[in-house]
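Order of appearance sets the numbers: ligands from 1, and atoms from 1 within every ligand.
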Amino acid sequence: MSTVLDFIAKKNSQQKITMLTCYDYMSASLLAKTEIDCLLVGDSLAMVVYGLPNTIGATVEMMVQHTQAVARGAPNKFIVTDLPFLSYRKLLSESVTVAQKIMQAGACAVKLEGAAGNLELISHLTQSGIPVMGHLGLTPQLFHALGGYVIQGKTKTAQQKLVTESQALAAAGAFAIILECIPSTLAKMISKKLTIPTIGIGAGKYTDGQVLVLHDLLGMNPDFKPKFVKTFLSSSKLIEQSVAEFIFAVQRGEFPSHEHSY
Ligand code: KIV
């Protein structure tokens with residue numbers, strides 16, 4: 001299993017870090033057989049698994065259950081789990097309890113969005129043995145405040161803010177930072193300035209690693225095709241085709257055949 005030290009080592013030796021979301025046991029079992037460095041039990045599961053309109057509906061209970069399932073399927077992988085909306089924005093002790101539940105569910109690290117208001121918690125968690133991954137740029141939990149899923153870091157002021165925030169996260173003890181939907185030149189600059197790795201999504205090729213939502217990579221939702229997603233498989237077509245073949249086989253009395261019957 002990779003460790004936080006391996007991620008830093010990869011950055012130092014200019015080897016890219018790879019990360020994918022994973023929400024369930026079966027996907028985790030499949031990913032466990034691959035060379036992927038890191039699995040993310042992202043709060044995007046609220047949308048992908050539960051069909052909610054954004055990540056605001058993700059709860060601690062959901063994150064705990066899905067972390068347990070992923071940890072069972074991929075005990076050999078470094079698992080990062082999102083702290084869900086507002087669960088880390090109350091009292092320090094309450095936030096620590098949330099992180100404790102998630103770590104005890106099988107996560108190796110937690111991820112949280114934004115810098116302002118989180119630095120004390122990050123120091124506290126890292127000093128308590130909980131590695132923390134930061135997340136800057138388009139932070140989906142701030143969907144309403146950001147005015148939707150829009151590219152961040154477009155103005156000079158916004159760029160300077162992101163540089164300062166990334167340095168503050170690193171200083172507080174974060175072991176890596178996700179950079180989401182920011183210009184690639186800005187992601188490059190931040191990645192160069194930091195000694196901890198950056199992992200990009202919609203942030204160009206110069207980050208120290210890349211993360212994608214597994215379902216996007218597999219092309220499971222043909223209606224969702226943002227610029228930063230590359231589908232490596234057209235699985236929605238294959239699924240529709242397989243289901244059509246099943247229906248046809250059943251209707252024609254070809255399935256189940258002798259070989260599939262007791
Ligand atoms: O929840 C998630 O899937 C994420 C990734 C988009 C980085 O945070």
Open item on the list: Angle between ring planes, Phe143 versus Tyr149, binned at 30° and 60°: parallel, tilted or perpendicular?
Closed with: tilted

Task: Region of Leu40 engaging ligand 1 - heavy atom pairs below 4.0 Å - done: side chain

Task: Leu40 CG to Thr81 OG1 distance, which is reported to the nearest 0.5 Å - done: 7.5 Å

TODO: Could you list the atoms of ligand 1 found under 4.0 angstrom from a heavy atom of Thr21?
DONE: 3 (O)

Task: Residues that Ser44 engages under side-chain hydrogen bond (donor to acceptor under 3.5 Å, both in side chains), provided they are two or more places apart - done: Tyr23

Task: Transitive ILVMFWY cluster of Phe85, excluding itself - 4.5 Å side-chain cut-off - done: Ile56, Leu86

Open item on the list: Tell me whether His135 reaches ligand 1 (any heavy atom closer than 4.0 angstrom to a ligand atom).
Closed with: yes

Task: From Ser44, Cys22, Pro140 - option closest to atom 3 (O) of ligand 1 by heavy atom - done: Ser44

TODO: Would you please classify the geometry between the His66 ring and the Tyr50 ring as parallel, tilted or perpendicular, with 30° and 60° separating the classes?
DONE: perpendicular

TODO: Calculate, to the nearest 0.5 Å, the distance between atoms CG and CE belonging to Leu214 and Met220 respectively.
DONE: 8.5 Å

Task: Per-residue contact class, Asp43 against ligand 1 - non-hydrogen pairs under 4.0 Å - done: both

Task: ligand 1 versus Asp82: contacting region, heavy-atom distance under 4.0 Å - done: side chain

Open item on the list: With a cutoff of 4.0 Å, is Lys111 in contact with ligand 1, counting heavy atoms of the residue only?
Closed with: yes

